[in-house]
Amino acid sequence: MDSYEYLSVLNPEQMAAVVHEGSPLLILAGAGSGKTRVITTKIAYLIAEQGYRPSSILAVTFTKKAAREMQERAQLLESQAARSQIRTFHSFGSWFLRIHAEEAGIDKNFTVYDDDDMVTLVMKAVPNIAKKQASTIAHKISMAKDYCMTPDDPNLIQIESDAEFPEQYAAYEERLRATGNVDFGDLIMLPVLLLQNNESVRNHMHKIFKVIMVDEYQDSNVAQFKLLKALTGPDTYVCVVGDDDQSIYSFRGAEVQNILDFEKEFPGTQVIKLERNYRSVAPVLSIADGVVKRNKKRLGKTLVSVRGDGKKPKLVFLSNQDDEAAFAAEMILQSHGKGVPYSDWAILYRTNAQSLGFETEFLHRKIPYSVVGSLKFYEREEVKDALAYLAFLVNPRDEIAFRRIVNKPPRGIGGVTQEKLVTRAREENENSLVGQVNLLDTCRGEVGSLSKKAKEGMKAFIDLFDTMIQTLTSAETRDDNTPIEQLAEDAREAVKDGEPNVVSGDELPDWVTEAMAASEPAPLGESDKRLSDVIEKMIKDSGLLELHQSQDEISGTQRVFNLQELVNSASMYPANVDGLLEFLDHIELDRTLETPDDETPSDAVTLITLHNTKGLEYPRVIITGMEYGVFPRRDKVDTELEEERRLFYVGITRARDELYLTSCAYRRMYGRTEDQEISPFLLEIAPSEIDVLGTKPTAYKRFERQQAASGNGGGGGPGGEALVEQDGLASRWKKGRTVYHDDYGHGVILFTDTTESGEYVIDVQFETGTRKKFLPKYQANRLMLEM
DNA sequence: TCACAGTGACTTTTT
DNA sequence: GTCACTGTGA
């Protein structure tokens, strides 16, 4: 494509962002402002116009979906972009660690432990703790790694004040390193540590990457920031794109501060704001703006709708979630009758559990749908079992996988025996001069000492793996299939030996770029063995298939089907160690992947969590469960409430043409029906900006009256009145006043306070003895002042 | 070592 | 209402 052609479609700010050079660049890109277009065009421009070697461009995103989209779009503009590194943070980390496994102190055939595996490992590393405690500790360790803190970091105390924690963390690390595997946090933290401590590795990376771009920068955590810093060499061009209003991952360590401080950390930064919204019609945008304005902590920017006027959003009050699902189905079917495709619709919800009601209804009404991310295909027992067999096959030091599979199907090797074997292996490791004793070898050594039944089982177990190892290695006949570690080693040596410090051109040998670009499996020839055959053999020969088959018969599950799906999904990978590692990587690093399902219709309604919608858009969006306790969750105040509000903002701005909000009066939770209060967020939308359907709850009627009285009901925009309202609250809800609450009865206000984010809080002592805090602003329907 | 039954806890959001 | 964990008995 001619460069003028793709540049000509840009607006002036977008253009400025694309052609910018010479200093770090921060692009503050509002929702729907053409952010992806800017990044992809910039990649194309850097290659075509600035002469950058495609493989010297690294673009990092957070989700695989985003990475895939970016890659595809960049390639459409510039075919050479196929050789650029467009990856998620974690897949970059994985790539990096495979190359530098030895320096990082891990096995080159490492696999990635998920959160469950972490918990299991914590339980082994810290003696005598309950699973719940282990889970807390595992979570804290994850946090620590998100902040790039090692067990000896004095700042750990900010994450966990318990004096035992650093020890527990250290014990976990020791245990983890013994397996040769890594956890999610390691995928970022280990590269950072290695880059910081190892000059040659650092220089190597600086030589490879001349451009680093980060998408959704507002959701980066401290470790990821450090990674970016460490990858940035003296002549690296850094460009980050983000929107502080869309920061929704602080619970996972995302640090908005990263984007707020960017200019400080990268001196000379130029900032470009993209505020023209090409996605949504004006009425949708107006609501989004009114809501996000309530947040105190933001850089502040205002989106302008390029598309102009459109349909006014609708707020629908319903009785319960069955009605909610029915309403959604009705809307979808009606529009479908008029030729609107199902895929125009997305149902958004706060928690995955909410998808169930819609699924049931849609199945009933024959509406095709696809659930994004919730089915957790790879977390199913049978699938995890199969994956554990595969992980143990490539890395027999994997203690977690070993424990999971050695007695599954039952081989007479129970917990006690397992413990004995693992302890034995650990002892051997300590005494061994060579180190790296693996569990399979230990098993071989210990077979003789086992009871009769266990002996039989263990022999079968060892035989299985001996055969599988052969199957996997004997398949490795293609001579063009150089193992990745060899390529990596070559690449490393070449750069060490003083390859020219190239900015552009193609001085680096092909095999370096090949090693770097190897994100896609090598194409399979007809005669090649497929990885799926290997996996199928493994599942059959291990007895896993039989085990789950009988399970299916007993409880009517579809485990065999799931196992078959797993096998199918490996058909594109070559049947060798690298293919297997790639397959496992792919699975571990893309948990949100839709269930592999041949029946997924091409035209389907999307069911998706609000978090998962980041970066996506749909013509028609229904945000469901607009109830206090569901969205926002009841325990959210201050900064956390602001984050929930940003999540709402993200949800609203997904809608191109039509937006619906639904709120239920009752909701079944834990199998019992609860009264629901309306979401406080609904009181942040001016009644004049939204059409209301259904029976209005008392609280909402009251809100409408208030708004009308204060002149906000009849067309005045939202915003600005917060301060006035706050004063009103403080003068009415005074210390000492008696109140009545629907649930708790009579009480008296003990204290009043204002939270960090400016919410007015009252602390009430009730006659019944309960004492509770309230935000009077949101309690209009249940809490009232007494005369 | 394993199967079963009773009990308790539980719903954030995810790479 | 569901699931996972615990303790008991075979």
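By convention in this document, chain letters (A, B, ...) are assigned in the order of the sequence lines, proteins followed by strands, and residues within each chain are numbered from 1. Just so it is clear, the structure is predicted and the values come from calculations on it, not from any experiment.
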Engineer: What nitrogen or oxygen pairs link the protein and nucleotides 4-11 of chain B at under 3.5 Å?
Structural biologist:
residue	atom	partner	partner atom	Å
dC10(B)	OP1	K132(A)	NZ	3.4
dT11(B)	O3'	R633(A)	NH1	3.2

Engineer: Between H548(A) and D385(A), does any side-chain donor sit less than 3.5 Å from a side-chain acceptor?
Structural biologist: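 Side-chain D/A pair, H548(A) to D385(A): present.
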Engineer: Angle class for the F648(A)/F631(A) ring planes (parallel below 30°, perpendicular above 60°, tilted otherwise)?
Structural biologist: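 Geometry flag for F631(A) against F648(A): perpendicular rings.
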Engineer: Looking across every strand, which nucleic acid part, if any, lies under 4.0 Å from F89(A) by heavy atom: base, sugar-phosphate, or nothing?
Structural biologist: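 Nothing, no nucleic acid heavy atom in range.
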Engineer: Using whole Å, report how far CD1 of I248(A) lies from P of dT13(B).
Structural biologist: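 Going from I248(A) (CD1) to dT13(B) (P), I get 13 Å.
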Engineer: Rounded to the nearest 0.5 Å, how far apart are CZ of R645(A) and CG of N295(A)?
Structural biologist: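 Between R645(A) CZ and N295(A) CG, I get 5.0 Å after rounding to 0.5 Å.
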Engineer: Parallel under 30°, tilted from 30 to 60°, perpendicular over 60°: which one fits the rings of Y249(A) and H611(A)?
Structural biologist: tilted
Engineer: How is T417(A) classified with respect to the nucleic acid when contacts are heavy atoms under 4.0 Å: base, sugar-phosphate, or nothing?
Structural biologist: sugar-phosphate
Engineer: Evaluate the side chain to side chain contact (heavy atoms under 4.5 Å, CB included) criterion for residues T88(A) and F62(A): first the C-alpha distance (whole Å), next the side-chain angles of each, then the deciding distance (0.1 Å), finally the verdict.
Structural biologist: CA-CA 5 Å; T88(A) 65; F62(A) 282 85; over 6 Å; no
Engineer: Is a side-chain N or O of D244(A) found less than 3.5 angstrom from the main chain of V256(A), in a donor-acceptor match?
Structural biologist: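 No, the answer is negative, given that no donor and acceptor are paired below the 3.5 Å cut-off.
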Engineer: So that I can tick it off, tell me whether E640(A) and R633(A) are bridged by a salt bridge, with the cut-off set at under 4.0 angstrom between side-chain N and carboxylate O.
Structural biologist: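 Looking at E640(A) together with R633(A), the answer is no, because their closest N to O distance does not fall below 4.0 Å.
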Engineer: Would you kindly give the CG-to-P distance between D219(A) and dT13(B), to the nearest whole Å?
Structural biologist: 16 Å
Engineer: What is the distance from CD of E588(A) to P of dT14(B), rounded to the nearest Å?
Structural biologist: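 Going from CD in E588(A) over to P in dT14(B) covers 16 Å.
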Engineer: With a centroid cutoff of 5.5 Å and a plane-angle limit of 30°, would you call Y249(A) stacked on dT13(B)?
Structural biologist: no
Engineer: Does the side chain of Q218(A) come under 3.5 Å of the side chain of E216(A) through a donor N or O and an acceptor N or O?
Structural biologist: yes
Engineer: Is T609(A) near enough to dT12(B) that one of its side-chain N or O atoms lies under 4.0 angstrom from OP1 or OP2?
Structural biologist: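 For dT12(B), OP1/OP2 do not have a side-chain N/O of T609(A) under 4.0 Å.
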Engineer: Can you tell me the distance, in whole Å, between the CZ atom of F184(A) and the P atom of dT13(B)?
Structural biologist: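 So the two atoms are 16 Å apart, to the nearest Å.
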Engineer: Do any side-chain nitrogens or oxygens of N612(A) fall under 4.0 Å of OP1 or OP2 in dT13(B)?
Structural biologist: no
Engineer: Between dA4(C) and dT13(B), how far apart are the P atoms? Round to whole Å, please.
Structural biologist: 15 Å
Engineer: Just the rounded figure in Å: distance from P of dT13(B) to CD1 of I623(A).
Structural biologist: 17 Å
Engineer: I'd like the C1' distance from dT6(C) over to dT11(B), given in whole Å.
Structural biologist: 23 Å
Engineer: Rounded to whole Å, please give me the gap between CZ in R646(A) and P in dT13(B).
Structural biologist: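 So the two atoms are 18 Å apart, to the nearest Å.
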Engineer: Taking for each residue the nucleotide of DNA chain B with the nearest heavy atom, is it E640(A) or H90(A) whose nucleotide lies nearer the 5' end?
Structural biologist: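 Result of the comparison: E640(A).
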Engineer: Between R298(A) (side chain) and D245(A) (backbone), is there a donor-acceptor pair under 3.5 Å?
Structural biologist: no
Engineer: Looking at the rings of F358(A) and Y369(A), which for Trp means the six-membered one, are their centres under 6.0 Å apart?
Structural biologist: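 For F358(A) and Y369(A), the ring centres are not under 6.0 Å apart.
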Engineer: Check the distance between dC2(B)'s C1' and K408(A)'s NZ and give it to me in whole angstrom.
Structural biologist: 14 Å
Engineer: Students should find this one: the first and last nucleotides of DNA chain C, 5' to 3', lying under 4.0 Å from a heavy atom of chain A. What are they?
Structural biologist: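 Under 4.0 Å from chain A, the extent on DNA chain C is dG1(C) to dC5(C).
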Engineer: Atom CD of E456(A) and atom P of dT1(B): how far apart are they, to the nearest Å?
Structural biologist: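 Interatomic distance, CD of E456(A) to P of dT1(B): 16 Å.
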